[in-house]
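See below for the structure under consideration.
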Amino acid sequence: MSTESKESLNFIEQIVEEDIASGKHNGAILTRFPPEPNGYLHIGHAKALWVNFGISQKYGGKTNLRFDDTNPTTEETEFVDSIKEDIEWLGYEWDGEPLYASDYFPQLYQFAIDLIKKGLAYVEDSSAEEIGKMKGDIGVPGQNSPYRDRQIEENLRLFEGMKNGEFPDGTRVLRAKIDMAHPNLLLRDPVLYRIKHETHHRTGDDWCIYPLYDFAHGQSDSIENITHSLCSLEFRHHRDLYDWLIEKLEIFPSRQIEFARMNVEYMITSKRRLPKLVNEHFVNGWNDPRMPTLSGMRRRGYPPAAIRNFCRDTGLAKRDNLIEINKLEYAVRQELNKTAPRVMGVLDPLKVVITNYPEGKTEDLTLINNPEDESQGSRILPFSREIYIEKKDFMEDPPRKFFRLGPGKNVRLKGAYIVHCDGFVKDESTGEVTEVHCTYYEDSKSGSDTSGVKSKGVLHWVSIDHAVKVEVREYDRLFTEPSPLGHEGKDFLEFFNSDSLVINDNAFVEPSLKNAKPGDRFQFMRMGYYCLDEDSNDEHLVFNRTVTLKDTWAKVQKKNN
RNA sequence: AGACCUAUGGUGUAAUCGGUAACACAGCUGUUUUUGGUGCAGUCGUUCUAGGUUCGAGUCCUAGUAGGUCUACCA
């Protein structure tokens, strides 16, 4: 039968399958995830993780975790730890121990000597500024450095001097000798090594010369026998140098393949700008639930599976893209719908008195925890004469399609009874309804309703005597523009959404939530998904809003206005 | 200005390498429902432009156009 439609492959999978078919590297597949430990992992890294681990998992290979730690000025152990934690949380497992480019410093130094001996590298005495001037321009050839034709012996001696700390920072560099007129600026004698008398987070003061990205990344790939080095599009030009070095050094031929990184509306992933949000206190740290970081999304309540599915569903190609935020939210809701237990929480309380319900009486009702997953069982919920409902669920003068509570209307209290609204109390000075009076139909109890009373709407509620007062943090998008970096002449901070966090300290939830642990995720019925924040303690529960539920009623109302 | 990369519905991706455009999200309509949630059904809408090759082009060729990347001793 040919009813089974063939799965389509993304362009990297196609390359990998071709390589396997041709017997390249005997079919071995080894990828790597190479973060620089100078910040926290973000949604863009999630995509890179998904690509690298996804390929190796699919084709029976492995993935190394390698920290690209060749710049002692910006890198810290704090970031190493957070990166490892985030990768594991996302659900990926690297092969063996974490690796570090800094572990290869001795080898890299030997590679440099090899290049010098081959007459393919030289020590440059010019300043950074002078080197820049001699580089030429786009479309304009550069000029050869006066030091370009130094003798091999002298280069060897000077390079060793650099390593031994004989020269101050910035006085000399090692450059590859390629072509100062090359159309690709990166091949105009690129700098390979620079002097930095700084303490490295792992090698301490062992070295005062450090290789640059182009002389560390590809060589590390090669040392590890990485078969497919998958990176983002902006490294396309580096590939020419990547290949040149592999060829000249005669080392393992790793292959670099570039893909378009994922951009998401209302998020930024710039390694220069993300720290700004933290350092200038626009947000409360790297794991602020508004941040596009993995730790932020974790705290916000996004399940790792949702992020993985999102990466899968957005595909892989080579064109620039801007993914709609609703695609992410769909993935989050989809996952949470299956997994998050339903509970009741009233975010904006309005008191309801059920006047024909006995004072002092409490009933234990049984509610299903998750209609999408029977295995989650049920729980007990107390019902009594005085309850809170959502303020928005009552209207003094409701429009025709309003299925909720209003004078003379019936409504079902979720898992409890149908009530009839007989009246309400209004504060005449403010015009605000402060209390609603209802009577309940005794034989309309959920699950054993014999009343025959009709009611279209269903409301969530909490018993006032039993409810727990909590703090709820309502998060919204961090920026007011889908593409905050895409406005020429305007700083992205101009688009910071000052309403991205609204704190509500007058919310009430059902008593079962007293047992929740930080990180636990729930659906507050009819409202959204919420996650218990780490700021919670026994006396004070704090919930983060992960994402709202879809609200077609709100949409209808909006349309009518 | 040079070189390189990219161009398919509102968004993102696919069409197994020339055989007559599809999937997901969003939108819209209906339906189910003790969450105006979920599910289900339906619907809207697409190959940058101009030439060329071919019986046939989203796929190949040429020329445009548009967008992106590159002139850090960052990665």
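So you know, we letter chains A, B, ... as the sequences are listed, proteins then strands, and number each from 1.
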A/D551 with A/K392: basic N within carboxylate O range, under 4.0 Å: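 Salt bridge flag = no for A/K392 with A/D551.
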
Carboxylate-amine/guanidinium contact A/R66 A/D103, below 4.0 Å: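 Judged by the 4.0 Å cut-off on N to carboxylate O distance, A/R66 and A/D103 do not form a salt bridge.
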
A/Y213 over B/A75, stacked by centroid distance under 5.5 Å, angle under 30°: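 Taking the rule of under 5.5 Å and under 30°, the ring of A/Y213 does not stack on B/A75.
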
[atom1] gap between [N] and [M], integer Å:
N: B/G45; M: B/C23; atom1: P; value: 15 Å
N: B/A1; M: B/C70; atom1: C1'; value: 13 Å
N: B/U20; M: B/U47; atom1: C1'; value: 12 Å

So does [X] reach the base of [N] with its side chain, donor to acceptor, closer than 3.5 Å?
X: A/K271; N: B/C74; value: yes
X: A/K327; N: B/A24; value: yes
X: A/Q523; N: B/U35; value: yes
X: A/E372; N: B/G37; value: yes
X: A/R236; N: B/U69; value: no

Partner nucleotide, any strand, of [N] [Watson-Crick/G-U, under 3.5 Å]:
N: B/G51; value: B/C61
N: B/U20; value: none
N: B/G9; value: none
N: B/G36; value: none
N: B/G56; value: none
N: B/U43; value: B/G27
N: B/C70; value: B/G2

Within-4.5 Å side-chain heavy-atom neighbours: A/E363 and A/K445: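 Answer yes - side chains close enough.
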
N or O in side chain of A/R194 less than 4.0 angstrom from B/A75 OP1/OP2: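 Result: yes.
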
Short side-chain to backbone donor-acceptor contact, A/N10 and A/E13, under 3.5 Å: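 Side chain of A/N10 to backbone of A/E13, a donor-acceptor pair under 3.5 Å: yes, one is there.
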
Touch class at under 4.0 angstrom, heavy-atom based, for A/G447 against every strand present: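 Base, at least one base heavy atom under 4.0 Å.
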
Nearest atoms (heavy-atom pairs only) where A/D214 meets A/Q219: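 That would be O-NE2, 3.1 Å.
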
Residue A/I138, side-chain heavy atoms: nucleotide from B/C70, B/A14, B/G36 that is nearest: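 Within the option list, the nearest is B/C70.
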
